[in-house]
Amino acid sequence: MNFNLQNLLRENIKNLTPYSSARDEFQGEASVYLDANENAYGSPLEDNYNRYPDPLQLEVKKKITAIKGVPPRNIFLGNGSDEAIDILFRSFCRPGIDNVVLVPPTYGMYQVSANINDVAVKKVPLTPEYQLNLEGIAEAIDANTKLIFICSPNNPTGNSINREDVETLLANFNGIVVVDEAYINYSRQKSFIQELTEYGNLVVLQTLSKAWGLAGLRIGMAFASEEIIEVFNRVKPPYNINEASQKLALQALDNIDQVNQWIKETLKERDKLVLGLKNFSFVIDIFPSDANFILVKTASPKAVYQFLVEKGIIVRDRSKVELCEGCLRITIGTPIENEQLLNSLKNFQA
Ligand SMILES: *Cc1c(COP(=O)(O)O)cnc(C)c1O
């Protein structure tokens, strides 16, 4: 393999002079800041937000380093993982020329981001076991294929993708392999973060939106080589993580014990929910899950979905998604919520 990041980048990105903010141009400590046209008087709030936030979120990254063992120079923070996904397209894919490989059924945002950036998508469906079709992927790749997105544990199927298959891609593909680990905290599989030093073409996505319980703050993480992170930092909007989110993330990252306790409880509840659902005759199959949701195949997905809506319980109808025929995706709730779900379904007439 001859992976070369500079050859992979779009020409305009390679030559980009990034925006230079006041905070970039003076980085020391001073007592009077008259360089950024901020309101020096303060904010009409209890806390002050009159100053621009740290563009590179160093304090937040240091806390993430303490948890993940990845140095700040290998971390990019985005306004949700969705920003990291978009930035991958904008950094590597020439609109109207390049393409990416997707392996459906998978997270919908990759396709949307491709469409927004006018980048063609080559779809190589997962096998019936929801694993990679490596031969199909090899056939789909051409000289203009820049990115392959692998979601593991996969949304909406819940299973992890075989590690050796992802490593085969990493070792043989000259573009970027994106491993989206939004649900890794619920999985017993090892994170691909450990492979960053091994593969220069690896980008691992994680998020504070799921296990960390911070979907509303919009903080996603990309872990990659220093060279890739440097590109992302140039392409991103200068202040992409706002000060309120940075402050709250700093506080939240001190509470890992709480998060780990929720993860344990969620896994216990997942097992309980699976056992409970198996009792219903209209449940045909429940797919093994490494995530905080389960994919449930039913004889009448529309009817079950509508029945639950009437009970005030909303699940996700995935029955129109290829390879997910008949399936509902159910997020694991609190013990009380899961109990409500099971109790309601006792009254469902197939
Ligand atoms: C929920 C989810 C995300 C998280 O996106 P954020 O923008 O960080 O909230 C990323 N990838 C997958 C596969 C997801 O299901």
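For the single chain, residues carry numbers from 1 onward in sequence order. A quick note: this is a predicted structure, and the numbers were derived from the prediction, not measured.
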Side chain proximity check, [X] to [Y], heavy atoms < 4.5 angstrom:
{"X": "K146", "Y": "L8", "value": "yes"}
{"X": "C327", "Y": "F287", "value": "yes"}
{"X": "D35", "Y": "R23", "value": "yes"}
{"X": "L345", "Y": "V304", "value": "yes"}
{"X": "I336", "Y": "Q340", "value": "yes"}
{"X": "Y130", "Y": "C324", "value": "yes"}
{"X": "N159", "Y": "P288", "value": "no"}
{"X": "D180", "Y": "Y110", "value": "yes"}

Find the distance between [atom1] ([X]) and [atom2] ([Y]) and round it off to the nearest 0.5 Å.
{"X": "N242", "Y": "Q57", "atom1": "CG", "atom2": "CD", "answer": "10.0 Å"}
{"X": "Q251", "Y": "D254", "atom1": "CD", "atom2": "CG", "answer": "8.5 Å"}
{"X": "I330", "Y": "S289", "atom1": "CD1", "atom2": "OG", "answer": "11.5 Å"}
{"X": "K14", "Y": "L5", "atom1": "NZ", "atom2": "CG", "answer": "9.5 Å"}

Smallest separation among heavy atoms of [X] and [Y], with atom names:
{"X": "L323", "Y": "P104", "value": "CD1-O, 4.2 Å"}
{"X": "G78", "Y": "I241", "value": "O-CD1, 3.1 Å"}
{"X": "N185", "Y": "W212", "value": "ND2-NE1, 4.1 Å"}
{"X": "D54", "Y": "L58", "value": "OD2-N, 2.8 Å"}
{"X": "E269", "Y": "P335", "value": "OE1-CA, 3.3 Å"}
{"X": "P153", "Y": "S187", "value": "CG-CB, 3.8 Å"}

Do L275 and I284 share a hydrophobic cluster, counting only Ile, Leu, Val, Met, Phe, Trp and Tyr and linking them when any side-chain heavy atoms are less than 4.5 Å apart?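 Hydrophobic grouping puts L275 apart from I284.
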Please say yes or no: joined through hydrophobic side-chain contacts below 4.5 Å, possibly via intermediate residues, are F307 and V309 part of one cluster?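 In one cluster: yes.
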Matching residue for [X] among [options] - test: side chain to side chain contact (heavy atoms under 4.5 Å, CB included):
{"X": "S152", "options": "I161, N162, V166", "answer": "I161"}
{"X": "V70", "options": "L196, V204, I64, T65", "answer": "L196"}
{"X": "L134", "options": "D165, V124, N172", "answer": "D165"}

Does the side chain of [X] pick up a donor-acceptor pair with the side chain of [Y] at under 3.5 Å?
{"X": "D290", "Y": "S160", "result": "yes"}
{"X": "T145", "Y": "D142", "result": "yes"}
{"X": "N115", "Y": "Q111", "result": "yes"}
{"X": "R94", "Y": "N144", "result": "yes"}
{"X": "N174", "Y": "N201", "result": "no"}

For the backbone of [Y] and the side chain of [X], can you confirm whether one donor and one acceptor N or O come within less than 3.5 Å of each other?
{"X": "N338", "Y": "G333", "value": "yes"}
{"X": "T127", "Y": "L132", "value": "no"}
{"X": "Q206", "Y": "I184", "value": "no"}
{"X": "N48", "Y": "N50", "value": "no"}
{"X": "R51", "Y": "E38", "value": "no"}

For E226 and N74, run side chain to side chain contact (heavy atoms under 4.5 Å, CB included): C-alpha distance rounded to whole Å, both residues' side-chain angles, the deciding distance at 0.1 Å, then the answer. CA-CA 5 Å; E226 202 172 342; N74 297 106; 4.3 Å; yes
Does atom [atom1] of [X] have more than 12 heavy-atom neighbours, drawn from other residues, nucleotides or ligands, at distances under 6.0 Å?
{"X": "Y52", "atom1": "OH", "answer": "no"}
{"X": "N37", "atom1": "CG", "answer": "no"}
{"X": "E135", "atom1": "CD", "answer": "no"}
{"X": "Q349", "atom1": "CD", "answer": "no"}
{"X": "R316", "atom1": "CZ", "answer": "no"}

Walk me through whether F348 and F280 qualify under ring-ring contact (aromatic ring centres under 6.0 Å, His included). CA-CA 9 Å; F348 176 75; F280 298 121; 8.9 Å; no
Between Y183 and F293, does the ring centroid distance fall short of 6.0 Å?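 Yes, the ring centres sit under 6.0 Å apart.
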Verdict with supporting geometry, D24 and S21, side-chain hydrogen bond (donor to acceptor under 3.5 Å, both in side chains): CA-CA 5 Å; D24 292 321; S21 70; 3.0 Å; yes
Cation-pi geometry met for R318 and Y305 (6.0 Å, 45°):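 Output no; distance or angle outside limits.
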For F149 and F89: C-alpha separation, side-chain torsions, deciding distance, then whether ring-ring contact (aromatic ring centres under 6.0 Å, His included) applies. CA-CA 11 Å; F149 284 88; F89 280 96; 5.6 Å; yes
Between N240 and F76, does the side chain to side chain contact (heavy atoms under 4.5 Å, CB included) criterion hold? Intermediate values first, please. CA-CA 11 Å; N240 60 327; F76 165 83; 3.9 Å; yes
List the steps and the verdict of side chain to side chain contact (heavy atoms under 4.5 Å, CB included) for K311 and L341. CA-CA 9 Å; K311 305 282 176 197; L341 174 75; over 6 Å; no
Evaluate E265 against K268 for salt bridge (charged side-chain N to carboxylate O under 4.0 Å, His left out), listing each step before the verdict. CA-CA 5 Å; E265 177 142 357; K268 219 166 66 190; 5.7 Å; no
Using a strict 4.0 Å threshold on nitrogen-to-oxygen distance, state whether [X] and [Y] make a salt bridge.
{"X": "K63", "Y": "E59", "answer": "no"}
{"X": "E167", "Y": "K190", "answer": "no"}
{"X": "K302", "Y": "D317", "answer": "yes"}

Residues which pass salt bridge (charged side-chain N to carboxylate O under 4.0 Å, His left out) with K278, listed by chain and number, not counting sequence neighbours: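 Checked K278 against salt bridge (charged side-chain N to carboxylate O under 4.0 Å, His left out); zero matches.
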Partners passing salt bridge (charged side-chain N to carboxylate O under 4.0 Å, His left out) against E195 (at least two apart in sequence or in another chain):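 Expected list: R163.
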Could you walk me through whether I141 and F173 pass the side chain to side chain contact (heavy atoms under 4.5 Å, CB included) test, one step at a time? CA-CA 8 Å; I141 291 169; F173 177 48; 3.7 Å; yes
List for me each residue that meets side chain to side chain donor-acceptor pair (under 3.5 Å) alongside T106, sequence neighbours excluded, and say none if there are none.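 Counting only residues at least two positions away or on another chain, T106 forms a side chain to side chain donor-acceptor pair (under 3.5 Å) with N154.
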